[in-house]
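Worksheet: the structure to be examined is printed underneath.
Please read all numbers here as calculations on a predicted model, not as lab measurements.
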Amino acid sequence: MKLSTIQRWISPGRSIQGKIFIAFSAVTLVSIVSITVIVYMSMRETIMHNAVTSVSDSIRQADESLNMMLEEIDRLNTVVVTNKNTVIDTLLSPNEEISYEWFQEQKRIDEFLSVLIDYKPYITRIAVVGLNGKVYFSGGPWLDRTVLGSPMLDYMLQNGSRHAYFKQTGVSDAITVGREIRYNREPIGVVMVDLNYDFIQKTYGVKPTTDSMIYVLDMQGGFVYEAESAPSFAPSSDRIVGLNQELAGNGDAIKQVIDGRDYIVVSRRSSYTGWTTLALIPMDSLLSESARLRKLLAEVSVIVFVVVLIGSLQVSSRITLNIRRLKSLMMFVKEGNLTFPRKEIKGEDETGQLYRVFISMVEDLKRLMEGIRVSERAKREAELTALQAQIHPHFLYNSLNTIKYLAKMNGVPNIEEVSGSLIELMRGVLGNSSEFLTMREELDYVERYISIVKYRYMEPIRMVAQVEDDALLECRVLKLMLQPLVENAIIHGIGPLEREGLVLIRVCEEGGDLKIEVIDHGKGMTEGQKAALLGERGKSGNTSRFSGMGVRNVHERIVHLYGHSYGVKLYSEPGLYTKVEIRLPKLTECKGESEQEVI
């Protein structure tokens, strides 16, 4: 596919098809981006909501499961503290170790405790500790009289009127649920049941992301449970305790900035134990789960956009097909071809109506042209006869001066300019017999030529001369060397484009030689056209209409005088520019050279 075709499709300033394509593409792009952003933001909020809901439900289920186990343990404690025959009597018994009666009591209470915790895997040990030093237990680990006076036993005695919870650390992690044993309103011991800590870890081991953190704190701010595999950026224990006090287990999910990192914090307080569960979910980790969704949305958006672009090209091409056909017919007529192949446009829309009106106008034009040809034939023959006559230069100069004077008198500056330029140009061509001119004079002739031909075109044509050093303006060059090149640039490069034109002439010194560049930003030339311009002689398309010397003639004159090291080179890119480079020896004007004849 050619670059010019793609430019025609996508250039809104050159074609209706380009405008339709750009409009479709812009609307589609805005729509796709808007929908993608809305869907992504909605899915992102959904992911966050689902994560919060999942954590809240998991915490609630974990609390309920833990409460059920603690309620069962409380019932076991109640059974123990209310059992007089087996528990209370044994603690009050005066039997000492090691006696038969003591052995029977030991056996009886061990069997009683064992029956209570059988088939309850979440209980690791049940123990009855008397203040008189008697210790009975079932399960593990081992327990002896060293428990007397320990912080755990003191805590149970102080808080065990109903039930007390104590977090053990050290040999084995466990949650101990204790209750005071009383007789005659006096404490005689404590019953303690150890809740297997592994069950707590499994119960609270719920994480929406791998680096989420869950903490369980008691009413005093102590840690009942905390995740073992906490990430390196986990907040400190003091910060967690402070956060627990701020939220007070309100059960809400809030966004919180902790140590410079964004978290979603879910808090819940158990009505049974009074413990508070805190779940901290890092926002960046949670939102990283949406990366795949974002990538998928981006890929789908790109695919949809490409499909719409292709569809836009097809639709715009179909819509503008008849317009392009009508344009091609008009271009035939513009080039003077009133007889052209008809491309029937049968549509009933505005394009079809324009086609029928255009055909009618062409038929009328053909009739008018035929009438003009008949009426002007005699006049044309007379003009051709007159042109064959030789006009004396003095008469021509006088006539042109008269035209210039009349134009000035009648306030017609363009005619005055054209006639004045033509006078100066013909004086240089016909009145100067020398083969050489200065660079300054050659540039003056080019300016005169442009001031004449610019009125042939609707858009202005400018010439800009860039001279590296003013001394180069006095160098000798071949007469009328630049005018054929400038004429070729205007007629074949800038003129067909029907837009403002610029001819740039650069004069500089390079390697001791004089280099002149003639550059235009016209339609450019292909390699075949460049080869034809320098390799074929005598074709009217490559020959200067004014001087009779084309680009090849200029090249051959330079090569003939100075050798093959000098001459003309062409550089061009179709649709962009054409540059003609002339290389000459740098020659200053000789004093003995004959003076130019001035008429």
Stepwise side chain to side chain contact (heavy atoms under 4.5 Å, CB included) test for T438 and L473: CA-CA 6 Å; T438 63; L473 294 175; over 6 Å; no
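- A distance-only check finds a donor-acceptor pair linking the side chain of S58 to the backbone of S54 [under 3.5 Å].
- By the 4.0 Å N-to-carboxylate-O rule, R462 lies close enough to E500 to be salt-bridged with it.
- A side-chain donor-acceptor contact under 3.5 Å links S572 to the backbone of Y577.
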Test side chain to side chain contact (heavy atoms under 4.5 Å, CB included) applied to D63 and Y204, step by step: CA-CA 9 Å; D63 285 345; Y204 286 98; 2.7 Å; yes
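- Under the 3.5 Å distance criterion, the side-chain polar atoms of T46 are matched with a main-chain donor or acceptor of S42.
- Side-chain atoms of T36 and S301 include a donor-acceptor pair closer than 3.5 Å.
- Enclosure of atom NZ in K579 by more than 12 non-hydrogen atoms of other residues, nucleotides or ligands within 6.0 angstrom is indicated.
- A salt bridge does not link E370 to K366: none of the charged side-chain nitrogens sits closer than 4.0 Å to a carboxylate oxygen.
- No donor-acceptor distance shorter than 3.5 angstrom exists from the side chain of T28 to the backbone of S25, with no hydrogens or angles considered.
- Side-chain atoms of P235 and L280, non-hydrogen and from C-beta on, do get closer than 4.5 Å to each other.
- Once rounded to the nearest 0.5 Å, the distance linking CD1 of I450 with CD of E487 reads 11.0 Å.
- A distance-only check finds a donor-acceptor pair linking the side chain of E468 to the backbone of E509 [under 3.5 Å].
- Under a 3.5 Å cut-off, the side chain of Q483 and the backbone N or O of L480 do not form any donor-acceptor pair.
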Steps toward side chain to side chain contact (heavy atoms under 4.5 Å, CB included) verdict (I516, M481): CA-CA 10 Å; I516 306 170; M481 177 184 63; 3.7 Å; yes
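- A heavy-atom distance below 4.5 Å is not found between the side chains of Q529 and H492.
- Other residues, nucleotides and ligands contribute more than 12 heavy atoms inside 6.0 Å of the CG atom of D259.
- Screening L482, V467, L584, D444 against M439 for a side-chain contact (heavy atoms from CB on, under 4.5 Å) leaves a single residue, L482.
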Residue pair R239, I258: steps toward the side chain to side chain contact (heavy atoms under 4.5 Å, CB included) verdict: CA-CA 8 Å; R239 186 69 181 89; I258 304 174; 3.8 Å; yes
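- The side-chain contact (heavy atoms from CB on, under 4.5 Å) with V503 is formed by just one residue from the set I519, V446, I494; it is I494.
- Taking NE2 of H564 as the start and NE2 of H555 as the end, the distance is 8.0 Å to the nearest 0.5 Å.
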